[in-house]
Amino acid sequence: MNLTLQVNGQEHGVDAEPLTPLARVLREQLGLRGTKIGCGNGECGACTVWLDGQAVCSCLYPVYRAADGSITTIEGLADAGRLNAVQKAFIDHGATQCGFCTSGMIMAACALLAQNPHPTEADIVHGLTGNICRCTGYRQIIQAVLSVAQQGNA
Ligand code: FES
Ligand code: FES
């Protein structure tokens with residue numbers, strides 16, 4: 001099935017079975033490999049992208065349903081090569097180790113901050129419960145997101 005996807009502000013023609021997970025199409029057809037596939041069943045958050053500004057698990061999202069919306073991946077966050085505030089904060093706080101969770105974690109954190117620009121630490125912990133990190137112990141991740149919330153420049 002031929003579909004047109006709007007990804008990071010650009011139109012892309014793809015050819016995929018309608019129920020193919022969006023994450024696979026992003027990675028395999030568009031080469032956007034920043035979106036990871038970990039569990040493949042909605043439990044780890046590594047595949048988090050935005051659809052019309054909402055964080056979704058792209059490992060579960062059928063590509064045909066995404067064709068109606070505007071998709072943003074981690075590759076679309078930086079503005080003309082300048083990292084956004086959350087990306088910078090992850091670096092500054094050492095919030096990434098192996099990096100496998102990082103794209104999804106940042107996409108989820110940015111979506112959280114868009115909905116609630118001044119979350120408490122508890123709000124951040126709650127907001128990121130769908131994103132699993134095996135390496136960092138979460139402390140640096142939460143501190144990074146909190147620092148952006150406190151600067152108010154997400
Ligand atoms: S890969 Fe999608 S939630 Fe784990
Ligand atoms: S940095 Fe390795 S899983 Fe999070």
Side-chain angles (χ1 to χ4, degrees), residues 1-117 119 124 127-136 138 140-142 144-145 147-149 153-154:
M1 178 181 193
N2 291 316
L3 295 165
T4 302
L5 299 182
Q6 292 278 345
V7 184
N8 300 332
Q10 293 191 325
E11 276 194 4
H12 297 272
V14 299
D15 182 9
E17 292 302 315
L19 296 180
T20 305
L22 174 61
R24 280 192 44 207
V25 176
L26 292 171
R27 289 175 55 83
E28 295 168 13
Q29 294 201 34
L30 302 187
L32 296 172
R33 294 179 177 267
T35 299
K36 306 300 184 200
I37 300 176
C39 65
N41 60 16
E43 290 177 6
C44 76
C47 62
T48 305
V49 301
W50 301 341
L51 184 65
D52 295 328
Q54 300 291 316
V56 298
C57 284
S58 62
C59 71
L60 292 180
Y61 211 90
V63 67
Y64 85 93
R65 285 184 57 202
D68 291 334
S70 171
I71 301 157
T72 306
T73 70
I74 190 74
E75 290 88 350
L77 277 195
D79 182 10
R82 292 182 53 217
L83 299 181
N84 85 354
V86 176
Q87 290 174 303
K88 275 191 242 151
F90 267 56
I91 293 170
D92 293 345
H93 287 79
T96 183
Q97 289 186 26
C98 80
F100 197 83
C101 72
T102 306
S103 301
M105 199 68 85
I106 288 174
M107 296 307 286
C110 290
L112 167 71
L113 289 166
Q115 283 184 342
N116 176 7
I124 295 168
L128 297 180
T129 48
N131 292 76
I132 292 172
C133 176
R134 294 174 300 182
C135 306
T136 65
Y138 299 98
Q140 300 96 317
I141 291 171
I142 292 161
V145 180
S147 75
V148 177
N153 63 353

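To the nearest 0.5 Å, atom CG of residue L26 and atom NZ of residue K36 are 12.0 Å apart. With rounding to the nearest 0.5 Å, the separation of CD1 in I141 from SG in C135 is 9.0 Å. Of the inter-residue distances, the one linking L51 atom CG with T48 atom OG1 reads 12.5 Å to the nearest 0.5 angstrom. The NZ atom of K88 sits 13.0 Å away from atom NE2 of H93, with the distance rounded to the nearest 0.5 Å. I37 contributes atom CD1, which lies 6.5 Å from atom OG of S58 (distance to the nearest 0.5 angstrom). Within the model, atoms CD1 of I74 and OG1 of T102 stand 8.5 Å from one another, a figure rounded to the nearest 0.5 Å.
With sequence neighbours excluded, no residue satisfies salt bridge (charged side-chain N to carboxylate O under 4.0 Å, His left out) with R27. E43 pairs by the salt bridge (charged side-chain N to carboxylate O under 4.0 Å, His left out) definition with nothing, not counting sequence neighbours.
The side chain to side chain contact (heavy atoms under 4.5 Å, CB included) test with Y64 singles out one residue from L19, T20, L22, and that residue is L19.
Using a 4.5 Å cut-off on side-chain heavy atoms (C-beta onward), D92 and S147 make no contact. Side chains of V86 and L77 form no contact here, defined as non-hydrogen atoms less than 4.5 Å apart. In this structure, Q115 and Q54 have side chains that are in contact, with non-hydrogen atoms separated by less than 4.5 Å. The side-chain heavy atoms of N8 and T72, taken from C-beta on, include a pair separated by under 4.5 Å. Side-chain contact between L113 and P119: present, with at least one pair of heavy atoms (C-beta onward) separated by less than 4.5 Å. Side-chain contact between V7 and E75 is absent, with no heavy-atom pair separated by less than 4.5 Å. Put simply, the side chain of C44 does not reach to within 4.5 Å of the side chain of F100, judged on heavy atoms.
The closest donor-acceptor contact from the side chain of T136 to the backbone of A95 lies at 3.5 Å or more, if one exists at all. No donor-acceptor pair closer than 3.5 Å links the side chain of D79 to the backbone N or O of R82. Looking only at distances, a side-chain donor or acceptor of D52 sits under 3.5 Å from a matching main-chain atom of S70. Side chain of D15 to main chain of M1: a donor-acceptor pair is present (N/O by atom type, distance under 3.5 Å, no hydrogens or angles). Judged purely by atom type and a 3.5 angstrom limit, N131 uses its side chain to pair as donor or acceptor with the backbone of G45.
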Quiz prompt | Verdict with supporting geometry, L32 and V49, side chain to side chain contact (heavy atoms under 4.5 Å, CB included) | solution = CA-CA 11 Å; L32 296 172; V49 301; over 6 Å; no
Quiz item: What do the steps show when you test R24 against V63 for side chain to side chain contact (heavy atoms under 4.5 Å, CB included), and what is the final call?
Solution: CA-CA 9 Å; R24 280 192 44 207; V63 67; over 6 Å; no
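Considering all non-hydrogen atoms of both residues, Y61 and A66 come closest at CE2-N, 3.8 Å.
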